[in-house]
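Structure provided below as structure tokens; questions to follow.
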Amino acid sequence: MKKTHRISPLWWPVMALLSPVLAPLLVMENRRFSKDRDRASQVNQERIRTAKPLELPEVEFMELTVLVEAKAEEGYLGEPGVSYLFRTNLGLLIFDVALGSGRQVLAHNALKLGVGLDKVDAVVISHMHLDHTGGSMKGVQVPAALGSPAGKTCFLPDKGEAEGFNTVLVEAPRMLAAGIGSTGPLARSIFGPLGWTEEQALIAKIKGKGVMIFTGCGHPTIEVILDMVRSLSHEPLYALGGGFHFPLTESRMSFAGIQIQMIGGTGKPPWQRITEEDLDRTIGTFNNAAPQKVYLSPHDTCDYALTHFAEKLTADTHILKAGAKYRL
Ligand SMILES: [Zn+2]
Ligand SMILES: [Zn+2]
């Protein structure tokens, strides 16, 4: 396994020079991070304990169209942000809006696929990280080319605004639209500026198949998400999809020689890597949960980890690509 330096060696002398300033800041942030990590665990346990079963309608079918992903079919653009369209017999829902209204990717792919806000029942944001909200940490922005958001609902897992939408804050598990529900926000402490992160995952019951779960980045960890889903539904697990944040050897997002996803969002302090053991533990959790299908997002997971997943998962495994349609 060839690992990229998380911070380019060119930065090392600068970091050494700045260490009298950096070291105390890192110590302070680590204290905040550790405290929040324990608090997030308690908050999640309490939410799981008090969650009531969700009245999920049985959808006749579910089709997933990938609007934006790190990998793309020919003729589609890719970027390390995500946006997905879920279609059931009960409606249409967009999950996340990629990296930005200032970019062409979501607009280009959505137009090519004939997807506009006019046909969609609601937009749902997994969490307020810029690769899911349209490029901002504070609010949601959708490219104008998708049409007017007036009168449309945007479900957020945390405080924030969605420009032009009817913004609804999801505070607990609930139904969203198109027969699809939310796990409600689940917390994770992240080191550095991302800090305390609330993330919701989608959950639905597909006729004759079972439950499907779909995440954004999967920051709360699959273990916590599965525990919540077990409180919400007693149906067998059928499909598991989305991002699970495993940039082991490289990051899809880098800036000035800094591998951003390998440092931020890992659930560890920046001086600890995500290891192969972490990956194997997650794969073990997947296999124990025994879904029939797995749909992995490449946007926050490196090719090395994707190959590893595909080899070791017992489920029928797909790597998501922009422009592709999947019948779940
Ligand atoms: Zn994230
Ligand atoms: Zn992400």
Side-chain angles (χ1 to χ4, degrees), residues 6 33 36-37 40 44 64 66-72 78-84 94-101 103 105-106 109 123-142 155-160 170 182-183 185-202 213-222 224-225 240-248 250-255 258-270 274 278-279 282 295-303 305-306 309 319-322:
R6 286 173 298 164
F33 164 70
D36 275 356
R37 191 173 49 192
N44 289 338
L64 161 63
V66 180
L67 302 177
V68 179
E69 255 302 351
K71 294 183 185 288
E79 68 174 19
V82 295
S83 181
Y84 308 102
I94 286 181
F95 187 48
D96 288 339
V97 292
L99 254 170
S101 48
R103 297 180 175 232
V105 182
L106 176 54
N109 292 355
V123 172
V124 181
I125 301 297
S126 62
H127 64 305
M128 303 302 283
H129 287 173
L130 51 95
D131 50 332
H132 300 259
T133 59
S136 159
M137 303 288 288
K138 293 196 181 74
V140 176
Q141 282 174 339
V142 176
F155 292 99
L156 302 181
D158 207 346
K159 288 181 291 294
V170 175
S182 164
T183 57
L186 292 163
R188 183 115 204 238
S189 172
I190 293 177
F191 196 98
L194 296 177
W196 182 276
T197 298
E198 296 282 3
E199 180 171 343
Q200 59 179 335
L202 300 181
I213 305 169
F214 207 91
T215 71
C217 263
H219 293 299
T221 75
I222 190 59
V224 170
I225 296 168
L240 205 50
F244 296 97
H245 207 93
F246 276 97
L248 253 69
E250 60 178 339
S251 163
R252 305 269 180 212
M253 251 188 260
S254 68
F255 180 74
I258 299 170
Q259 302 283 315
I260 293 168
Q261 291 167 328
M262 292 173 88
I263 294 176
T266 65
K268 295 188 180 196
I274 312 177
D278 297 329
L279 177 59
T282 294
Y295 300 89
L296 295 172
S297 165
H299 93 282
D300 59 354
T301 296
C302 65
D303 287 343
L306 289 173
F309 262 119
I319 311 292
L320 298 168
K321 273 184 175 181

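Whatever order the structure lists ligands and atoms in, that order sets their numbers, starting from 1. Below, all heavy atoms of this structure are taken into account, side chains as well, without hydrogens, waters or symmetry copies.
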Using the ring of each side chain (for Trp, its six-membered ring), is His245 parallel, tilted or perpendicular to His219, with breaks at 30° and 60°?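 Tilted.
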If I consider every N, O or S atom in His219, which one ends up closest to the Zn ion (ligand 1)? I only need its name.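 Considering only N, O and S atoms, His219 comes nearest to the Zn ion (ligand 1) through NE2.
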Using a strict cut-off of less than 4.0 Å between a Lys/Arg side-chain nitrogen and an Asp/Glu carboxylate oxygen, indicate whether Lys268 and Asp278 qualify as a salt bridge. yes
Can you confirm whether the side chains of Ser182 and Gln200 place a donor and an acceptor under 3.5 Å from each other? yes
Distance-minimising heavy-atom pair for Cys217 and Asp131: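 Reported closest heavy-atom pair: SG-OD2, 4.0 Å.
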When you check the side-chain N and O atoms of Asp158 and His127, is any donor under 3.5 Å from an acceptor?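 Note: Asp158 and His127 side chains miss the donor-acceptor criterion.
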Ignoring waters, how many protein N/O/S atoms are under 2.8 Å from the Zn ion (ligand 2)?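 Atoms of protein N, O or S type lying less than 2.8 Å from the Zn ion (ligand 2) total 4.
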Do Ser83 and Asp96 meet the criterion of a side-chain donor-acceptor pair at a distance under 3.5 Å? no
